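Being a predicted model, the structure only gives us computed values, none of them experimental.
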Amino acid sequence: MPGITLRMARPEDAGGMLAVYAPYVEHSTASWEYEAPSLAEFSGRLREHLDTGFPWLLAEKDGAVRGYDWDAEVTVYLSAAAHRRHAATALYTALLALLRRQGYVNCFALITRPNPASAAFHERMGFAEAARLPHAGYKDGRWLGLSYYQLTLQPLPAVPVPPVPLSALGAAETERSLRDAAALCRPAPEVL
């Protein structure tokens with residue numbers, strides 16, 4: 001996906017981010033919400049995360065949001081145009097680097113079961129299944145399981161200290177982390 005940029009989400013990105021997320025609510029079991037949130041609700045979620053100092057990243061190409069993820073409970077949602085281009089790998093690579101720099105020790109991903117593609121992706125990223133809850137949710141006329149995947153970001157400290165806010169990290173190093181991770185994206189096939 002040449003030309004993809006990873007950057008920190010801004011409040012004005014809420015509409016584009018909601019356009020990526022809504023199909024996961026409306027047409028899949030990846031999200032257990034039954035209705036996509038309104039723009040006002042989603043904007044509030046974004047503002048709350050940003051105001052508390054958590055990283056909320058997005059992938060952008062040609063000015064369009066292609067995917068995003070956030071804090072120590074990590075999730076990636078991609079637009080259809082970003083699938084199979086390593087955008088999720090790039091987002092997680094950048095996010096995990098930032099979380100490590102902030103001082104987080106663990107991160108968790110919750111995966112609806114069955115979802116073998118997501119489970120395999122998280123395992124490739126170094127996560128391990130820590131717990132499996134059968135029949136934990138119901139959507140689209142069926143019972144769904146839930147798996148908790150865990151990734152230890154750094155050794156357990158004897159005396160943990162609170163993570164530093166994202167704003168306390170150096171902007172230049174943060175931007176470099178985003179650029180380096182964006183380089184992991186692969187181009188879309190040429191249309192003849």
Side-chain angles (χ1 to χ4, degrees), residues 1-10 12-37 39 42 45-46 49 54-99 107-129 132 137 139-142 144-151 177-192:
M1 233 173 135
I4 194 166
T5 303
L6 299 185
R7 65 173 174 81
M8 298 298 168
R10 299 183 292 258
E12 61 269 21
D13 295 317
M17 294 168 73
L18 180 57
V20 169
Y21 177 63
Y24 287 91
V25 174
E26 297 163 352
H27 306 294
S28 82
T29 58
S31 168
W32 288 10
E33 290 192 78
Y34 284 94
E35 294 180 18
L39 179 57
F42 196 84
R45 293 177 190 180
L46 176 58
H49 275 81
F54 291 119
W56 197 329
L57 310 181
L58 63 80
E60 180 179 67
K61 183 176 188 317
D62 301 328
V65 175
R66 300 301 175 117
Y68 62 89
D69 65 9
W70 62 88
D71 72 28
E73 178 190 322
V74 293
T75 304
V76 170
Y77 292 102
L78 298 176
S79 70
H83 283 255
R84 305 258 182 238
R85 306 283 174 261
H86 298 289
T89 300
L91 284 165
Y92 260 21
T93 298
L95 178 63
L96 297 175
L98 291 172
L99 291 173
C107 64
F108 300 90
L110 283 64
I111 301 173
T112 299
R113 299 295 263 191
N115 190 340
S118 184
F121 167 75
H122 283 85
E123 289 166 6
R124 281 192 308 274
M125 293 300 299
F127 286 76
E129 188 177 40
R132 186 178 290 193
K139 187 174 179 181
D140 292 344
R142 62 187 169 138
L144 303 165
L146 182 67
S147 286
Y148 281 77
Y149 276 72
Q150 178 182 0
L151 175 67
S177 295
L178 296 175
R179 271 193 320 275
D180 291 349
L184 298 172
C185 293
R186 118 177 129 195
E190 293 292 324
V191 177
L192 302 177

Participant: Measure from the side-chain N and O atoms of Ser118 to the backbone N and O of Ile111, and report whether any donor-acceptor pair falls under 3.5 Å.
Facilitator: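 Side chain of Ser118 to backbone of Ile111: no pair is present.
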
Participant: For a quick test of reading the model, state the closest non-hydrogen atom pair linking Cys185 to Ile4 and the distance between them.
Facilitator: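 The pair with the smallest heavy-atom distance is SG-CG2, 3.4 Å.
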
Participant: Identify the residue among Tyr24, Tyr77, Tyr21 that makes a side-chain hydrogen bond (donor to acceptor under 3.5 Å, both in side chains) with Ser31.
Facilitator: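 Only one of Tyr24, Tyr77, Tyr21 forms a side-chain hydrogen bond (donor to acceptor under 3.5 Å, both in side chains) with Ser31, namely Tyr21.
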
Participant: Would you please name every residue forming a ring-ring contact (aromatic ring centres under 6.0 Å, His included) with Tyr149, sequence neighbours left out?
Facilitator: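 For Tyr149, no residue satisfies ring-ring contact (aromatic ring centres under 6.0 Å, His included) once neighbours in sequence are set aside.
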
Participant: Atom CG of Leu78 and atom NE2 of His86: how far apart are they, to the nearest 0.5 Å?
Facilitator: 12.0 Å

Participant: Closest approach of Cys107 and Leu99, non-hydrogen atoms and distance?
Facilitator: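 Result for this residue pair: CB-CD1, 4.4 Å.
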
Participant: Just wondering, more than 12 heavy atoms not from Phe108 lying within 6.0 Å of its CZ?
Facilitator: yes

Participant: Minimum heavy-atom separation for Pro23 to Ala19, with atom names?
Facilitator: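 Looks like CD-O, 3.1 Å.
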
Participant: To the nearest 0.5 Å, what is the distance between OG1 on Thr29 and CG on Asn115?
Facilitator: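 Answer for the OG1-CG pair, Thr29 versus Asn115, is 7.0 Å.
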
Participant: Roughly how far, to the nearest 0.5 Å, is CG of Leu144 from NZ of Lys139?
Facilitator: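 Reported to 0.5 Å precision, the distance equals 9.0 Å.
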
Participant: So, do Met125 and Leu96 sit near enough that their side-chain heavy atoms are less than 4.5 Å apart?
Facilitator: yes

Participant: In Å, rounded to the nearest 0.5 Å, how long is the span from CZ of Arg66 to CG of Leu91?
Facilitator: 12.5 Å

Participant: With Ser147, which residues qualify under side-chain hydrogen bond (donor to acceptor under 3.5 Å, both in side chains), at least two apart?
Facilitator: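 Ser147 satisfies side-chain hydrogen bond (donor to acceptor under 3.5 Å, both in side chains) with Arg113, Glu129 only.
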
Participant: Check Ala109 against Tyr92 and note the closest heavy-atom contact, atom names and distance.
Facilitator: CB-OH, 4.1 Å

Participant: What closest approach, in Å, do Ser79 and Val20 show between heavy atoms, and which atom pair accounts for it?
Facilitator: N-CG1, 3.7 Å

Participant: What pair of heavy atoms forms the shortest contact from Pro37 to Phe42, and how long is it?
Facilitator: CG-CD1, 3.9 Å

Participant: Can you tell me how far CE of Met8 sits from CG of Leu178, rounded to the nearest 0.5 angstrom?
Facilitator: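 Going from the CG atom of Leu178 to the CE atom of Met8 covers 5.0 Å.
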
Participant: How long is the straight-line distance from CG of Leu95 back to CG of Leu57, given to the nearest 0.5 Å?
Facilitator: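 Rounded to the nearest 0.5 Å, the CG-CG separation comes out at 5.0 Å.
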
Participant: Can any side-chain N or O of Asp13 pair as donor or acceptor with the backbone N or O of Arg10 at less than 3.5 Å?
Facilitator: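 Such a contact is found between Asp13 side chain and Arg10 backbone.
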
Participant: Could you pull out all residues at least two apart from Arg45 that satisfy side-chain hydrogen bond (donor to acceptor under 3.5 Å, both in side chains)?
Facilitator: Glu33, Glu41

Participant: When you look at CD of Glu12, are more than 12 heavy atoms from neighbouring residues, nucleotides or ligands closer to it than 6.0 Å?
Facilitator: yes

